[in-house]
Amino acid sequence: MKPNFFERVYLVVKRIPRGKVASYGQIAALLGHPQAARTVGWALHALASEPATDVPWQRVINHAGRITIARAGLDAAFQRHLLEEEGVEFDARGDVDMERFGWEGMDWAEVEALWRETGNE
DNA sequence: GCCCTGACTGCTA
DNA sequence: TTAGCAGCCAGGG
């Protein structure tokens, strides 16, 4: 039994290294659903209600390298601050250069290994 | 079990 | 280059 979609989103996000960012679509693709970007965003939204989380949600932004959490009533400036603390740079428009800071992702084999690590296989 | 919502994405005008 | 629109997926009520 695999962990549910939310759990899988969190597991993948936790694998994003410090100083790197990934897009919602990228996370969704790793989960086997390239079109489920909206669902990934929703999963992270749900995460916001859990202050004690150890999931680096701030490392997930949209495919254009732009922070869009303001749509969820959250603080985009705070997210930007967290990323800058990790070494991620923003340009004059407030966007992240995905060519420089974009996460390359992981192999499907690694993703499957994550499911096994959770003991839910 | 159905309908609605949502931190997105890609295409078209 | 920018704005608008439809598609997609999963969870909550």
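Order of the sequence lines sets the chain letters (A, B, ...), proteins ahead of strands, with each chain counted from 1.
Residues in residues 73-84 of chain A take part in these salt bridge (charged side-chain N to carboxylate O under 4.0 Å, His left out) pairs, two or more places apart or across chains: A/Arg80-A/Glu84. Within the structure, ring-ring contact (aromatic ring centres under 6.0 Å, His included) pairs that include any residue of residues 57-92 of chain A do not occur (at least two apart or interchain). The salt bridge (charged side-chain N to carboxylate O under 4.0 Å, His left out) pairs that include a residue from residues 53-63 of chain A are A/Lys14-A/Asp54, A/Arg59-A/Glu86, where partners are two or more places apart or lie in different chains. Counting only residues at least two apart or on different chains, the ring-ring contact (aromatic ring centres under 6.0 Å, His included) pairs with a member in residues 13-47 of chain A are A/Phe6-A/Trp42.
Of all nucleotides in DNA chain C having an atom under 4.0 Å from a heavy atom of chain A, the first and last in 5' to 3' order are C/dG7 to C/dG11. When DNA chain B is scanned 5' to 3' for any atom under 4.0 Å from a heavy atom of chain A, the first and last hits are B/dG6 to B/dG10.
Within the 4.5 Å cutoff, the side chain of A/Leu31 has heavy atoms near those of the A/Phe5 side chain. At a threshold of 4.5 Å between non-hydrogen side-chain atoms, the residues A/Pro56 and A/Val13 count as touching.
Applying a 4.0 Å cut-off to non-hydrogen atoms, the residues of residues 70-82 of chain A that approach DNA chain B are A/Arg71, A/Ala72, A/Leu74, listed by residue number. Of the residues in residues 91-98 of chain A, none lies under 4.0 Å from DNA chain B by heavy-atom distance. For DNA chain C, the residues of residues 14-46 of chain A within the heavy-atom distance limit of 4.0 Å (strictly under) are A/His33, A/Gln35, A/Ala36, A/Arg38, A/Thr39, A/Trp42, sorted by number.
Between the A/Glu110 side chain and the A/Asp107 main chain, a donor and an acceptor come within less than 3.5 Å of each other. Listed for the A/Gln58 side chain is no donor-acceptor partner under 3.5 Å among the backbone atoms of A/Leu82.
A/Gln26 pairs by the side chain to side chain donor-acceptor pair (under 3.5 Å) definition with nothing, not counting sequence neighbours. Partners of A/Arg18 under the side chain to side chain donor-acceptor pair (under 3.5 Å) rule, at least two apart in sequence or in another chain, do not exist in this structure. Remark: A/Arg100 engages A/Glu89 in a salt bridge (charged side-chain N to carboxylate O under 4.0 Å, His left out) (not counting sequence neighbours).
The nearest pair of heavy atoms linking A/Ala36 to A/Ala28 is C-CB, 3.7 Å. Closest heavy-atom contact between A/Leu30 and A/Trp108: O-CZ3, 3.0 Å.
The environment of CD in A/Glu104 is crowded: more than 12 heavy-atom neighbours from other residues, nucleotides or ligands sit within 6.0 Å.
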- Item | Evaluation steps, side-chain contact (heavy atoms from CB on, under 4.5 Å), between A/Asp91 and A/Asp97 | CA-CA 7 Å; A/Asp91 63 19; A/Asp97 183 348; over 6 Å; no
